[in-house]
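Beneath this line is the structure, given in structure tokens, with notes to follow.
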Amino acid sequence: MLKNTPIRMIFASTAALGLAVAIHTQSSNRLKPESHKDDDAIKSTAAASHHTHHGHTCSHHHSPDNDARSAHHSRPLPQPGLLWETDLTDPASMELTGVMPSPVDYRPNTRQSITIENGTRIHIDVQQRHTHNDGTIAINGTVAGKTQGRLHMQWNSQDDFFLGQIEFDNHPVAYEITRDAQGTHHITRRSITELVCAEIDTTTGAVRYGLPQLPAHEAGGVDDSEAAHAEGPSLVPALNSYPAASACIYLDFDGEQVTGTSWGSNINAAATGYSASKITDIWKRVAADFEPFNLNVTTDESVYLSAPATRRIRCIITPSNEWYGSNSAGGVAKYNSFVWSGDTPCWVFSDNLANGSKYIAEACSHEAGHTFGLSHDGKSGTTYYAGHGSGAVSWAPIMGSGYFKSVTQWSKGEYSSATNTQDDLSIIASATNGFGYRSDDHNNQDSSATTLAADSSNQIASSGTIERQDDTDVFSMESGAGTLTLAITPANSYGNLDIQADLFDASGNLVTSINPATQLNANISTSVSAGTYFLHVRSTGYGSANTGFTDYASLGAYTVTGEVAAAAVPTPFELTMASLPENQRNPSDDPDGDGISNLTEHALGTDPASPETSHHFSSVSPNGSSGVEFLIDLPADIPSDVLYTVEASCTLDSTDWTSIASRDTAGQWSGSVTEESGPSGTRRFRVTENPSEPWTCRFIRIHIELAL
């Protein structure tokens, strides 16, 4: 954790049961505690079932030493008096200075006492103390007495990190302990749903922890290719979605021995045994959800271990869920645990997800979302909104239940009756998590557009990422006259980006705008004249927030491929100049040795590379008793980069030449000039002059020069 940031101490207990509202409201039938009463003396009318969720857990959590627990937690609400109650007007925060032992006192086989609120004292039996590789010290213990629960505490002096939570079995009350910059401890009363990913049935009072498993009727319909579950160790390919990032999510497929975390001690998680291709498929799906961020989704443990301890999360994908005591959870995570020191993982239970790649990936992103501080996206009547729509543009929020929808995105509760309006993107990219968005890779102005240069086959290719909702990436390209085709497609086949592509000409006029109604990609095929064009790539949505999705989280990576129309074939002069060695690329050169320079051959339309080319030279003839006619044959396609000037002289003196006609690069002649057909497809121009001098003393020449 960064220095000078709020420090949290989490005392994790085992499960809780009850109405979430009970934590925040007062009830007239609640019993008031006797001040400074020992918890052992509090009577209970409900048996304690030890079901734990520590530090914002998403799932059914069970400690290893409590195996026989209800998977569905459908027991009735605890009677008043199971835990201490209070009429305090503001029980949310109390200083614990001098009331809580120092963390160094928490040693295995010792009992410590903590005063909670209104003088109620609980006892902690310390069971394990573990030191992680990064120096984090972790404590696990149980709450003694009839009001059972669990405690987890960890701290790291180097990272200035401290957290703790206490949770109680089958009860909605939990406590979070923090330490401020002055070293004073504070205890805050929390709803279990604030610390644990939990769902509470307000009718029955049943508490259900975790992302639900795949429904049984759906699990049976998974394709064999998806559900194949090989036994034995995996051969995991080393995959990285954004190697430049130091922060990471590590997808752990090959089994893990977990100890010294808030999940308990000595958890042996088996490997999935998946093939490299299946692992790659799951990784691609998860990576697509995190493409906008400066975050690497990796399958390489060495990358995870080299990341800062408070900028990483391990997501263990395993068939092992017995330690958790639940057959109904698809996954579990601790809220905000991405920034914890130590090595607290989140979990995805693959056997509860029919070993389906899509379902496992959805659970991975969902649980990782909790570790960044995200809560569930529900809709009135359900904690996990399963989305709406059908086909390629069907949609669900990642923090809901996206098992059966094609497009799953981060959300801010834009659909009707949403139970959560958290701005997921802002929270993930917040300073707390410490990695933010990727840097913008392409500018959004035509003047600074990224050039798409065509290869020898007129093909163009590039890629980019839409990192934010208002991002537009601009590319420029040169095309000849003809058909211009472009395909702008999500780079990841499981991407979240719905693409809109706009093509503009050099004057800023919109040529075409493409946003297919039922596809995420955008393809352009349009007829253009020769010139410069600008491609604008941006995100869009489909339908409305209730029928599809907005552009809020329509983000991610894409590719651009296509073909520009071929440019006009260069004139022989241009071809010769391009093919000559650099030290010979001069208009005065004569590579074919026929006595006619590159510039002259270019201007008159002959082949500068072939001395055999016939040449229609210009001619001069009398025009009556005075004056002359000058004939010049030019190419059918007169080069636009040449200026032609017809000049006359009577003395041949260099200062005595006078222009009698000229042709500019726009094709306009000055003087007395007429056009007619010339030999071999040339264009003949007849220039007439009638000076006062007799025609016999007139000399005519044509002057040519490059206009560029």
Side-chain angles (χ1 to χ4, degrees), residues 239-245 247-249 251 280-298 357-358 361-362 364-366 368-369 372 374 387 392-399 402 405-412 414 423-429 435-442 444 450 461-475 486-502 514-516 518-523 535-542 548-561:
L239 304 169
N240 292 281
S241 65
Y242 195 48
C248 73
I249 299 171
L251 302 182
T280 300
D281 186 65
I282 295 170
W283 168 82
K284 287 177 64 176
R285 293 174 185 271
V286 178
D289 293 333
F290 294 96
E291 283 175 340
F293 306 106
N294 185 23
L295 180 71
N296 184 17
V297 179
T298 183
S357 297
K358 159 73 170 171
E362 291 297 336
C364 288
S365 293
H366 179 104
F372 296 126
L374 303 184
V393 289
S394 60
W395 181 89
I398 292 171
M399 297 311 296
K405 299 302 179 184
S406 298
V407 179
T408 55
Q409 297 175 338
W410 306 111
S411 173
K412 60 176 180 178
E414 296 172 287
D423 187 337
D424 287 359
L425 296 175
S426 295
I427 293 173
I428 294 173
F435 50 82
Y437 293 97
R438 297 190 192 187
S439 298
D440 191 13
D441 50 1
H442 299 289
N444 62 358
T450 300
S462 190
S463 61
T465 302
I466 300 299
E467 302 91 4
R468 299 176 187 246
Q469 187 178 8
D470 60 354
D471 184 24
T472 298
D473 290 352
V474 181
F475 301 87
L486 297 168
I488 307 93
T489 307
N492 190 322
S493 55
Y494 308 114
N496 299 332
L497 174 63
D498 188 8
I499 298 168
Q500 176 160 330
D502 301 317
I514 304 297
N515 176 22
T518 58
Q519 299 177 29
L520 301 184
N521 60 300
N523 296 331
L535 172 67
H536 291 212
V537 179
R538 59 190 176 94
S539 69
T540 186
Y542 166 72
F549 50 90
T550 71
D551 63 352
Y552 164 72
S554 179
L555 306 173
Y558 62 88
T559 60
V560 179
T561 57

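Everything quoted here is computed from the prediction, not taken from an experiment.
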CG of N496 to OG of S539, rounded to nearest 0.5 Å, is 11.5 Å
Closest non-hydrogen atom pair between D441 and E467, with its separation = OD1-OE2, 3.3 Å
Nearest-0.5 Å distance, CG of residue L486 to OG1 of residue T561 = 8.0 Å
Among all residues two or more places apart in sequence or in another chain, which pass the ring-ring contact (aromatic ring centres under 6.0 Å, His included) test with Y437?
-> F293
Taking the six-membered ring where the residue is Trp, are the ring centres of W410 and F290 under 6.0 Å apart?
-> yes
Gap separating the CG atom of L520 from the CD1 atom of I488, nearest 0.5 angstrom | 13.5 Å
Which heavy-atom pair separates D423 from S426 by the least distance, and what is that distance?
-> OD2-OG, 2.9 Å
Any side-chain donor paired with an acceptor under 3.5 Å for N444 and D471?
-> no
Nearest 0.5 Å, what's the CG-CZ distance between N296 and F435?
-> 11.5 Å
Donor-acceptor pair, side chain of K284 and main chain of G495, under 3.5 angstrom = no
Can you find a pair of side-chain heavy atoms, one from I514 and one from N523, that are under 4.5 Å apart?
-> no
Output, in order, the C-alpha distance, side-chain angles, deciding distance and verdict of side-chain contact (heavy atoms from CB on, under 4.5 Å) for D502 and R538.
-> CA-CA 9 Å; D502 301 317; R538 59 190 176 94; 3.2 Å; yes
For N515 and D498, what are the C-alpha separation, side-chain angles and deciding distance, and is it a side-chain contact (heavy atoms from CB on, under 4.5 Å)?
-> CA-CA 8 Å; N515 176 22; D498 188 8; 4.1 Å; yes
Shortest non-hydrogen separation from L497 to A557 and the atoms involved | CD2-O, 4.2 Å
Derivation and outcome, side-chain contact (heavy atoms from CB on, under 4.5 Å), residues T408 and S365 = CA-CA 10 Å; T408 55; S365 293; over 6 Å; no
So which heavy atom on S357 is nearest to which on R285, and how close?
-> O-CD, 3.9 Å
Go through the structure and list residues passing ring-ring contact (aromatic ring centres under 6.0 Å, His included) with F475, not counting sequence neighbours.
-> H442
Rounded to the nearest 0.5 Å, what's the gap from CG on L295 to CG on D289? Could you check?
-> 11.0 Å
In this structure, which one of T489, T465, D473, N521 forms a side chain to side chain donor-acceptor pair (under 3.5 Å) with Y558?
-> D473
To the nearest 0.5 Å, tell me how far S411 OG sits from F549 CZ.
-> 12.5 Å
Counting only N and O atoms by type, is there a donor-acceptor contact under 3.5 Å from the side chain of R438 to the main-chain atoms of E291?
-> yes
Taking all non-hydrogen atoms of both residues into account, name the closest pair between V393 and Q519 and its distance.
-> CG1-N, 4.2 Å
Does L425 offer a backbone N or O that forms a donor-acceptor pair with the side chain of Y552 under 3.5 Å?
-> yes
Closest non-hydrogen atom pair, G556 against P292 = N-CG, 4.4 Å
Polar side chain donor-acceptor pair, T540 to D551, under 3.5 angstrom = no
